[in-house]
Amino acid sequence: MALLSILCYPDPRLHTVAKPVAVVDSRIKRLIADMLQTMYEAKGIGLAATQVDEHVRLIVIDVSEERDQPLVLVNPQLVWTSQETHINEEGCLSVPGIYDGVERFDAVTVSAQDGEGKSRLVQAEDLLAVCIQHEMDHLMGKVFVEYLSPLKRNRIKKKMLKAQREEQR
């Protein structure tokens, strides 16, 4: 396993739409293992392949307290959403240190393949539902700050660019 570099907003690669995974082969299984290690090391609860500059429809999630219940979703598709929504405080490994409210469905059902390529249906609510929606946005080339007002988004962009410049010194 290897730690992967996480792209930081406003990196244009974060806006790449991911392509479907044709087959869960050894390369994809290695990517899953590396993404899980990277997510755990970064203290995140979800990570999309797009965030590590791999533009395939793959996300890993673990919202468990013990950090021992990884969920792998290959080619996820929303098949049902609740009518109810809430604004939830979200953060993102690609936008470190920034948190803001985003409206999401309270519950979702997702059709996907697992890390072995087997089809599965995942019913999720609360934090898991929010996380799935957030990570699926990444696969569509969308970062959570794009839900915010242009003013907030521009402030975040400037802050992130400044932090990246200071890091390069």
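Predicted, not measured: the structure shown is a model, and the values here were computed from it.
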> Counting only heavy atoms not in E146, do more than 12 fall under 6.0 Å of its CD?
Replying inline: yes

>> Applying a strict under-4.5 Å side-chain criterion to I, L, V, M, F, W and Y, I'd like to know whether I132 and I45 cluster together.
In response: yes

>> To the nearest 0.5 Å, what is the distance between NE2 on H55 and OG1 on T16?
In response: 4.0 Å

> Are side-chain heavy atoms of V102 and N88 found at a separation under 4.5 Å?
Replying inline: no

> Do L73 and L127 share a hydrophobic cluster, counting only Ile, Leu, Val, Met, Phe, Trp and Tyr and linking them when any side-chain heavy atoms are less than 4.5 Å apart?
Replying inline: yes

>> If you compare all heavy atoms of Y40 against all heavy atoms of P70, which two are closest, and at what distance to 0.1 Å?
In response: OH-CB, 3.6 Å

>> With clusters defined by side-chain heavy atoms of hydrophobic residues (ILVMFWY) lying less than 4.5 Å apart, directly or transitively, does L148 cluster with L161?
In response: no

> So, does D34 use its side chain to make a donor-acceptor pair with the main chain of A2 at under 3.5 Å?
Replying inline: yes

> More than 12 heavy atoms of other residues, nucleotides or ligands under 6.0 Å from CD of E84: is that the case?
Replying inline: yes

> Is the backbone of A129 close enough, under 3.5 Å, to the side chain of Q133 for a donor and an acceptor to pair up by distance?
Replying inline: yes

> When rounded to the nearest 0.5 angstrom, what distance separates CD in E135 from SG in C92?
Replying inline: 7.0 Å

> If you look at every heavy atom in I32 and G115, which pair is closest and at what distance?
Replying inline: CD1-CA, 3.8 Å

> If you take all heavy atoms of N75 and P20, which pair is closest and at what distance?
Replying inline: OD1-CA, 3.3 Å

>> When you compare the side chain of V108 with that of L128, does any pair of heavy atoms fall below 4.5 Å?
In response: no

> Between H134 and F144, what is the ring plane arrangement, given parallel below 30°, perpendicular above 60°, and tilted in between?
Replying inline: tilted

> Taking C-beta and beyond as the side chain, do C131 and L71 meet within less than 4.5 Å on heavy atoms?
Replying inline: no

> Is the backbone of E103 close enough, under 3.5 Å, to the side chain of T85 for a donor and an acceptor to pair up by distance?
Replying inline: no

>> Atom CD of residue position E89 - does it have more than 12 heavy atoms of other residues, nucleotides or ligands inside 6.0 Å?
In response: yes

>> Please give me the minimum heavy-atom distance between G46 and L93, naming the atom from each residue.
In response: O-CD1, 3.8 Å

> Does some side-chain heavy atom of Q51 sit less than 4.5 Å from a side-chain heavy atom of L7?
Replying inline: no

> How far does CZ of R155 sit from CD1 of I98, to the nearest 0.5 angstrom?
Replying inline: 11.5 Å

> If two hydrophobic side chains count as joined below 4.5 Å and joins carry through other members, does L78 share a cluster with V122?
Replying inline: yes

> Can you name the closest pair of heavy atoms from S64 and R67 and give their distance?
Replying inline: OG-N, 3.0 Å

> When you measure from the side chain of T38 to the backbone N and O of L4, does any donor-acceptor pair fall under 3.5 Å?
Replying inline: yes

> Is there a side-chain contact between V95 and M160, using heavy atoms and a 4.5 Å cut-off?
Replying inline: yes

>> Within the supplied structure, the quantity of interest is the number of heavy atoms (other residues, nucleotides, ligands) at a distance under 6.0 Å from K29 NZ; does it exceed 12?
In response: yes

>> Contact between V145 and D100 at the side-chain level, heavy atoms closer than 4.5 Å - yes or no?
In response: no

> Do L3 and Q37 have side chains that get closer than 4.5 Å, going by heavy atoms?
Replying inline: yes

> CE/M136 to CD1/I61 distance, rounded to the nearest 0.5 angstrom?
Replying inline: 9.5 Å

> Would R13 and D53 satisfy salt bridge (charged side-chain N to carboxylate O under 4.0 Å, His left out), going step by step from the backbone distance to the final call?
Replying inline: CA-CA 7 Å; R13 293 173 289 181; D53 205 20; 3.1 Å; yes

> Rounded to the nearest 0.5 Å, how far apart are CE of M140 and CZ of R57?
Replying inline: 6.5 Å

> Can you tell me how far CG of L14 sits from CG of D137, rounded to the nearest 0.5 angstrom?
Replying inline: 12.5 Å

>> Within 45 degrees of the ring normal and closer than 6.0 Å to the centroid, is that where the cationic atom of K142 sits relative to Y147?
In response: yes

> So do the side chains of R104 and E90 get within less than 4.5 Å of each other, counting heavy atoms only?
Replying inline: yes

> Do the side chain of S94 and the main chain of Y9 share a donor and acceptor less than 3.5 angstrom apart?
Replying inline: no

> How close do M35 and L58 get, heavy atom to heavy atom, and via which atoms?
Replying inline: SD-CD2, 3.6 Å

>> Using only atom types and a distance under 3.5 Å, with no angle test, would you say the side chain of Q69 pairs donor to acceptor with the backbone of D62?
In response: no

>> Quick check on the hydrophobic clustering: are M39 and V72 connected, directly or via other members, by side-chain heavy-atom contacts under 4.5 Å?
In response: yes

>> Using the rule side chain to side chain contact (heavy atoms under 4.5 Å, CB included), only one of R153, Q164, H15, K158 pairs with P10; which is it?
In response: Q164

